Number of protein chains: 2
Amino acid sequence: MPRLGMEPIRKAALVEATIAEIGRAGSLDVTVAQIARRAGVSSALAHHYFGSKEQMFLAAMRHILSLYGAEVRGALALAEGPRDRLRAVIRASFAASSFRRETIGAWLNFYVLAQTVPEVQRLLRVYQHRICSNLRAPLRALAPERAEALAEGLAAMIDGVYLREVLGQRPPDGAQAAAMVLDYLDAQLGAGSNSGDAA
Amino acid sequence: MPRLGMEPIRKAALVEATIAEIGRAGSLDVTVAQIARRAGVSSALAHHYFGSKEQMFLAAMRHILSLYGAEVRGALALAEGPRDRLRAVIRASFAASSFRRETIGAWLNFYVLAQTVPEVQRLLRVYQHRICSNLRAPLRALAPERAEALAEGLAAMIDGVYLREVLGQRPPDGAQAAAMVLDYLDAQLGAGSNSGDAA
DNA sequence: TGGTTTATTGACTCGTCAATCAATAAAAGG
DNA sequence: CCTTTTATTGATTGACGAGTCAATAAACCA
């Protein structure tokens, strides 16, 4: 009994299911049938709406990146002063909405996919570029000379902490993960807790 | 015309070919036939010696880890004093033998495989444990309180730098990569260039 | 020499899976 | 109503690939 206007609902469900299945399997070796079943539809319908498995992966990735982007924007909106902005970006990177087993697993797999699918590579580069920008701006106010290098170091560390979580036996702990990066930040800027506050 | 004693030669060639193919494809979606062809043998022979594709992946991984281990041991043998030892471990992590496109690509894919194959997970954990140990020991002599946390931070950063290389447009530059991590180290310990030298 | 071990492969089996198609059915619209 | 559009699926196709097997052949051995 086909109600109309199902397309966005189905698509959203399939995107969620894609992420969940990749997270569960821990790899991109998930069949369209598995994804579709989890979303409660037939595999034919999944193809009908997305055209191909690759498009499903891309949609899933855009979804993850957009969640993360929202998290960052939300945190930045509340931050005042460069130091606070830096902390906001870092904390947002480990917020519960992104720092979850399944999302981390999916994210790792997208790095793999980036080596094959140009559009995935493009998206990941956009993400990396954005996170660097978000870090560089406030860093310029605190340590203009080293802003560029520090931003890249922080970004690398954030990615590295994610990566280590993949093998972690215990469930991800965003607060602790963020603490490690914040610690790096303080060491680089001089722990002086607020040296650049209140723009 | 079968010469005897081929087994180790074929195995070595197949291991190399496995790494090269994974690096080329940028994923684990490589067929045994592709690997075998690159090694100059039939796919049947590959199965004959390894039993399964999974065993080939495992052998490839052990090979990569053992190259890296050798690099670290070699560097440590020449180092004197804790600070120097730290530098040695970090530099070894970006030595030319490991820090190459194909190896980096393969390494990333092994992280993915670790989510599926317990033995791969075990091997990666051994690697992580060892790198942390190698860092923690000299750190204990320089900053006993923070040794544990710093070791994990450094390890995360090393992994993160590798990860970023996956998307890098320009070919990997080990020296520059190492510099970023060494910079973090100096910031954490106080740049005083040799505070812990000459044990 | 004849038997055993090692090396090596082509051909085949058996599954799996992405993608397609044709068919069913309910709503919308005139 | 009858048509068009949207939703939905079961069944099918076509390709591809891991792993197996039986056969060939050279080397070694007694």
Side-chain angles (χ1 to χ4, degrees), chain A residues 1-22 24-61 106 109-110 112-113 116-120, chain B residues 1-22 24-61 106 109-110 112-113 116-120:
Chain A
M1 47 302 244
R3 269 152 299 200
L4 292 204
M6 283 284 101
E7 176 158 351
I9 297 169
R10 295 308 191 198
K11 276 192 161 184
L14 283 164
V15 161
E16 296 276 359
T18 302
I19 296 168
E21 278 297 306
I22 293 175
R24 184 193 58 74
S27 89
L28 297 173
D29 282 336
V30 285
T31 69
V32 172
Q34 286 168 337
I35 295 170
R37 186 167 349 118
R38 181 179 287 244
V41 300
S42 72
S43 69
L45 193 68
H47 275 103
H48 174 65
Y49 281 131
F50 283 97
S52 76
K53 189 157 105 166
E54 189 173 303
Q55 289 302 316
M56 285 187 239
F57 286 161
L58 274 168
M61 193 177 162
N109 277 283
F110 290 144
V112 170
L113 200 58
T116 310
V117 183
E119 177 65 5
V120 172
Chain B
M1 47 304 243
R3 268 152 299 197
L4 293 206
M6 282 285 100
E7 175 158 352
I9 297 168
R10 294 308 191 198
K11 277 193 159 183
L14 282 164
V15 162
E16 296 278 358
T18 303
I19 296 169
E21 277 298 306
I22 293 176
R24 182 193 58 75
S27 89
L28 297 173
D29 282 336
V30 285
T31 70
V32 172
Q34 286 169 338
I35 295 171
R37 185 165 350 116
R38 182 179 286 244
V41 298
S42 72
S43 69
L45 194 67
H47 276 103
H48 174 65
Y49 281 132
F50 282 97
S52 75
K53 189 158 105 165
E54 189 174 302
Q55 289 301 315
M56 284 186 241
F57 285 162
L58 274 168
M61 192 175 163
N109 276 282
F110 291 144
V112 169
L113 200 57
T116 310
V117 183
E119 177 66 5
V120 172

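Quick caveat, the model's predicted, so the values are computed rather than measured. In what follows, every chain begins at residue 1, and chains take the letters A, B, ... in the order their sequences are listed.
Minimum atom distance to the side chain of S42(B) is reached by dT9(C), of the listed dA18(D), dT9(C), dA27(C). Here dA7(C) is the nucleotide among dA19(C), dA7(C), dA27(C) with the atom lying nearest to any side-chain atom of L45(B). Distances from the side chain of V41(B) to the nucleotides dT9(D), dT6(C), dT9(C) place dT9(C) closest. The S52(B) side chain lies nearest to dG19(D) when the options are dG10(D), dA27(C), dG19(D). Listed candidates were dA7(D), dA18(D), dA19(C). Nearest to the side chain of K53(A) is dA19(C). Listed nucleotides: dA7(D), dT6(C), dA18(C). Nearest to the side chain of E7(A): dA7(D). Closest contact between the side chain of H47(B) and the listed nucleotides dA18(C), dA18(D), dA7(C) involves dA18(D). In this structure, the nucleotide among dT8(D), dT20(D), dT20(C) sitting nearest to the side chain of M6(A) is dT8(D).
Rounded to whole Å, atom C1' of dA27(C) lies 12 Å from atom CZ of R3(A). Atom pair L14(B):CG and dG19(D):P shows a separation of 14 Å (rounding to whole Å applied). Computed from coordinates, the H48(B) NE2 to dA25(D) P distance equals 18 Å when rounded to whole Å. At whole-Å resolution of the value, CG in L28(A) and P in dC17(C) are 14 Å apart. In this entry the distance linking CD1 of I35(A) with C1' of dA18(C) reads 11 Å, nearest Å. The nearest whole Å value for the distance from the CD atom in E54(A) to the P atom in dA18(C) is 13 Å. Put simply, NZ on K11(A) is 13 Å from P on dT8(D), counting in whole angstrom units. Rounded to whole Å, the distance from CG on D29(A) to P on dG17(D) is 13 Å.
Between G51(A) and T31(A), the one whose closest nucleotide on DNA chain C sits nearer the 5' end is T31(A). In terms of position along DNA chain C, the nucleotide closest to R10(B) lies nearer the 5' end than the nucleotide closest to the other residue of the pair R10(B) and A44(A).
In this structure, F50(A) reaches neither bases nor backbone, as no heavy-atom distance under 4.0 Å exists between it and the strands shown.
In plain terms, the two heavy atoms of A39(B) and L14(B) that are nearest each other are CB-CD2, 3.7 Å. Contact between I19(A) and A106(A) at its shortest, heavy atoms only, is CG2-CB, 4.3 Å. Pairing each heavy atom of H47(B) with each of S52(B), the nearest pair is CD2-CA, 4.2 Å.
Contact check for Y49(A) versus M56(A): no side-chain heavy atoms found under the 4.5 Å cut-off.
Within the structure, every side-chain polar atom (N or O) of Y49(A) is placed at least 4.0 Å from both OP1 and OP2 of dT6(D).
When M61(B), K53(B), E54(B) are each tested for a side-chain contact (heavy atoms from CB on, under 4.5 Å) with F57(B), only one passes: K53(B).
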